[in-house]
Visitor: 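Got a structure for you, written out below as structure tokens; questions coming shortly.
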Amino acid sequence: MMMNRIYYYGMTTTSGGNLSILDDNGDVWITPGSVDKGNLTRQDIVCIKKDGTIVGNHKPSSEYPFHLQLYKTRSDIRSVLHAHPPALVAFSIVRKIPNTLLSPNSFVGCGNIAIAEYGLPGSADLGNKISKEFAKGCDIAIMENHGVVVGSDTLFHAFKAFENLDFCARVQINASIIGVPKYLKEKEIQLKYTKNHLNMDEYVRNNITSAEKAARRDMCNIIHRAYDQGLVNATQGSFSVRLDEERFLISPYGVDRKYVDVGDIVCIKRDMREAGKVPSRAIKIHSEIYTQHPEINSIIIAHPPYIMSYAVTDEPLDSRSIPESYILMRDIPKVEYSEFYRDPVESAQLFSESTPIVMVNNDCIAVTGDDLLNAFDRLEVAEYSAKALVFSKHLGEMVPIDGKQISEIKDAFNLK
């Protein structure tokens, strides 16, 4: 399942990449060599017994020596992931490490990163060079002229770190195309990650109306779509929908966005949370926006890679590229990373009918709408627009829609 996920998100090729886990018996289960990574089944996975015996329908991946070496080197590692996503390959062939201080999620989500010297694929020499770096305490190694290897306590945790680093690499590359990347200081990152979850009282649900059940299903469908389109990753991004004057639904903290289910969604009622569930850390800003803006019925906070290229540079995300972009995005103000989280009341005041989207430097984009689909549409259009603008940098200077044309758009679509 995890290799399928990596393959279909373009993070490895048919023949590239390999995954393994170490079980409680000391046996290693690893993906096979020379088998289509897009169609693996459970029966394709190969077991390398503790005594070295190989059991399975295929040969193990040719890279299995470094997997075994990592398990011997670090007793805390129970899963190893190796792949060749293009952005991280780009860093490997210039022999550099992505700067995770681009965003708090990247810095916290990736851990310690090192560069492992080049070695022949499948050789003991390569295993020794990778293990040497992990022995020093790294969690991820960029392999010179090769790719990346991640070690963790579970396969999902390895995948999360891998996904975060690939995201960081793509943002850094695109930011360098449009401008000069700006980086956070570690103490600024602590502003977001040392905050505890709100101390909220719990309430017990007696029943759930059909309307709320439908809203939960709609939220899950949109969250899954957002993940599949790369607008959020496994544990980032928050979504909410207003139910009525005193209740709204919000996505949970720490649940994999690809598989979030209706039962995971958290209902908030008058500053109380649904019993037994933990809401997104962004709940303060969601709650304050709903309090101040009765016309807003849905909020999405996300970290799409092309939008984030603008969030980590001084370059503005200009909505005057095509009419659809301006109609849905309008002008997008940027706020400082620290300001957005310091005072949710003041941050919520930034939003209005003519300002449905706010960009937070080095962190995210916050999108509002009169319903969930409207908010999601705005998010999609913003990311597609950012992508087009990044691509245009290779071609020449953008020629924006002029003031007269903007006035015509406002008149035709009744925009304020």
Visitor: Are the side chain of Thr355 and the backbone of Phe351 linked by a donor-acceptor contact shorter than 3.5 Å?
Guide: no

Visitor: Checking Tyr290 now: which residues fulfil ring-ring contact (aromatic ring centres under 6.0 Å, His included) with it, not counting sequence neighbours?
Guide: Phe248

Visitor: Might you work through the side-chain contact (heavy atoms from CB on, under 4.5 Å) test for Asp23 and Trp29, ending with a clear yes or no?
Guide: CA-CA 8 Å; Asp23 71 16; Trp29 297 81; 2.9 Å; yes

Visitor: Asp27 and Lys49: salt bridge (charged side-chain N to carboxylate O under 4.0 Å, His left out), yes or no, with the steps?
Guide: CA-CA 5 Å; Asp27 299 334; Lys49 306 294 285 185; 3.1 Å; yes

Visitor: Quick one: pull up NZ in Lys160 and CG in Asn233 and give me the separation to the nearest 0.5 Å.
Guide: 9.5 Å

Visitor: Find out whether Ile30 and Leu19 are in side-chain contact, i.e. whether some heavy atom of one side chain is under 4.5 Å from a heavy atom of the other.
Guide: no

Visitor: Would you call Arg216 and Glu212 a salt bridge, taking side-chain N to carboxylate O under 4.0 Å as the test?
Guide: yes

Visitor: Determine whether Ser280 and Ile283 satisfy the following criterion, side-chain contact (heavy atoms from CB on, under 4.5 Å), listing intermediate values before the conclusion.
Guide: CA-CA 6 Å; Ser280 163; Ile283 187 172; 5.5 Å; no

Visitor: Given side chains that start at C-beta, do those of Val335 and Leu350 come closer than 4.5 Å, heavy atoms only?
Guide: yes

Visitor: Is the shortest side-chain N to carboxylate O distance from Arg5 to Asp256 below 4.0 Å?
Guide: yes

Visitor: When you look at Asn221 and Arg217, which way does the side chain to side chain donor-acceptor pair (under 3.5 Å) test go after all the steps?
Guide: CA-CA 6 Å; Asn221 288 336; Arg217 287 194 298 269; over 6 Å; no

Visitor: Under the ring pair (Phe, Tyr, Trp, His ring centres under 6.0 Å) criterion, do His82 and Phe66 qualify, and how do the steps go?
Guide: CA-CA 10 Å; His82 167 56; Phe66 80 65; 5.5 Å; yes

Visitor: Given Phe376, which partner from the list Asp218, Asp371, Leu231 fulfils the side chain to side chain contact (heavy atoms under 4.5 Å, CB included) test?
Guide: Leu231

Visitor: Using atom types as modelled and distance alone, determine if a side-chain donor or acceptor of Thr368 lies under 3.5 Å from a backbone N or O of Pro356.
Guide: yes

Visitor: Are there more than 12 heavy atoms of other residues, nucleotides or ligands under 6.0 Å from atom CD of Glu246?
Guide: yes

Visitor: As a quick check of understanding, evaluate side-chain contact (heavy atoms from CB on, under 4.5 Å) for Tyr71 and Val80, giving each step before the final call.
Guide: CA-CA 9 Å; Tyr71 292 128; Val80 175; 3.7 Å; yes

Visitor: Just do the ring pair (Phe, Tyr, Trp, His ring centres under 6.0 Å) check on Phe162 and Phe167 with the steps written out, would you?
Guide: CA-CA 9 Å; Phe162 168 64; Phe167 165 82; over 10 Å; no

Visitor: For residues Asp139 and Cys110, report the shortest heavy-atom separation together with the two atoms involved.
Guide: CB-O, 4.1 Å

Visitor: Does Arg74 pair with Asp76 as a salt bridge, N-O distance under 4.0 Å?
Guide: yes

Visitor: With the threshold set at 4.0 Å, does a side-chain nitrogen-carboxylate oxygen contact exist between Arg342 and Glu188?
Guide: no

Visitor: Does Asp318 come within less than 4.0 Å of Arg320, counting only side-chain N to carboxylate O?
Guide: yes

Visitor: Please check if the number of heavy atoms outside Gln349 that lie under 6.0 Å from its CD is greater than 12.
Guide: yes

Visitor: With heavy-atom distances below 4.5 Å as the criterion, would you say the side chains of Pro323 and Ile401 are in contact?
Guide: yes

Visitor: Between Ser106 (side chain only) and Leu102 (backbone N and O only), is there a donor and an acceptor less than 3.5 Å apart?
Guide: no

Visitor: Would a distance-only check, ignoring hydrogens and angles, find a side-chain to backbone donor-acceptor pair under 3.5 Å from Ser347 to Pro344?
Guide: no

Visitor: Of all heavy-atom pairs between Val390 and Tyr310, which one has the smallest distance, and what is that distance?
Guide: N-OH, 3.8 Å

Visitor: Should the pair Glu202-Lys277 be classified as a salt bridge under the 4.0 Å nitrogen-to-oxygen rule?
Guide: no

Visitor: Any donor-acceptor pair under 3.5 Å linking the side chain of Arg257 with the backbone of Gly237?
Guide: yes

Visitor: Under the side-chain contact (heavy atoms from CB on, under 4.5 Å) rule, what do Tyr7 and Thr14 come out as? Steps first, then yes or no, please.
Guide: CA-CA 7 Å; Tyr7 176 80; Thr14 297; 3.4 Å; yes

Visitor: Are the side chains of Met200 and Met272 in contact, using a 4.5 Å heavy-atom criterion?
Guide: no

Visitor: What residues, two or more places apart in sequence or in another chain, satisfy ring-ring contact (aromatic ring centres under 6.0 Å, His included) together with His67?
Guide: none

Visitor: Can you find a pair of side-chain heavy atoms, one from Leu184 and one from Phe107, that are under 4.5 Å apart?
Guide: no

Visitor: Does Phe91 have Lys96 sitting over its ring (NZ/CZ under 6.0 Å from centre, angle to axis within 45°)?
Guide: no

Visitor: Got more than 12 heavy atoms from elsewhere within 6.0 Å of CD, Glu295?
Guide: yes

Visitor: Counting only heavy atoms not in Asp271 (residues, nucleotides, ligands), do more than 12 fall under 6.0 Å from its CG?
Guide: no

Visitor: Would you say that more than 12 heavy atoms from the other residues, nucleotides or ligands in this model lie under 6.0 Å from the NZ of Lys132, or not?
Guide: no

Visitor: Are any side-chain N or O atoms of Glu63 and backbone N or O atoms of Gly122, one a donor and one an acceptor, separated by less than 3.5 Å?
Guide: yes

Visitor: Would the distance check show the side chain of Thr313 and the main-chain N or O of Ser309 forming a donor-acceptor pair, the cut-off being under 3.5 Å?
Guide: yes

Visitor: Give a yes or no on whether the backbone of Glu315 and the side-chain of Lys334 come within a donor-acceptor separation of less than 3.5 Å.
Guide: yes

Visitor: Do Glu339 and Val360 have side chains that get closer than 4.5 Å, going by heavy atoms?
Guide: no

Visitor: So Ser238 and His286, side chain to side chain donor-acceptor pair (under 3.5 Å) or not? Walk me through it.
Guide: CA-CA 9 Å; Ser238 59; His286 284 258; 2.9 Å; yes

Visitor: Report yes if some heavy atom in the side chain of Thr100 is under 4.5 Å from a heavy atom in the side chain of Ile113; otherwise report no.
Guide: yes

Visitor: Is the distance between the ring centroids of Tyr326 and Phe413 under 6.0 Å?
Guide: no

Visitor: Does a salt bridge link Arg78 with Asp24, judged by any charged N lying under 4.0 Å from a carboxylate O?
Guide: yes

Visitor: Can you confirm whether Ser34 sits close enough to Ser15 that some side-chain heavy atom of one is under 4.5 Å from a side-chain heavy atom of the other?
Guide: no

Visitor: Do NZ/NE/NH1/NH2 and the carboxylate oxygens of Asp244 and Arg247 come within less than 4.0 Å?
Guide: yes

Visitor: Shortest non-hydrogen contact from Ile327 to Leu415?
Guide: CA-CD1, 4.1 Å

Visitor: Check whether any side-chain N or O of Ser319 sits under 3.5 Å from a backbone N or O of Arg330 as a donor-acceptor pair, and report yes or no.
Guide: yes

Visitor: To check you understand the geometry: which heavy-atom pair defines the closest contact between Pro294 and Arg242, and what is its length?
Guide: CA-NH2, 3.5 Å

Visitor: Check the pair Ser103, Asn105 against side chain to side chain donor-acceptor pair (under 3.5 Å), reporting the backbone distance first and the verdict last.
Guide: CA-CA 6 Å; Ser103 74; Asn105 296 317; 5.1 Å; no

Visitor: Has the side chain of Ser131 got a donor or acceptor atom that lies under 3.5 Å from a matching backbone atom of Asn128?
Guide: no

Visitor: Is it the case that atom OH in Tyr384 sees more than 12 heavy atoms from other parts of the structure closer than 6.0 Å?
Guide: no

Visitor: Decide side chain to side chain donor-acceptor pair (under 3.5 Å) for Tyr9 and Lys258; before the verdict, give the C-alpha distance in whole Å, the side-chain angles of both, and the deciding distance to 0.1 Å.
Guide: CA-CA 12 Å; Tyr9 288 111; Lys258 182 169 176 62; 3.2 Å; yes

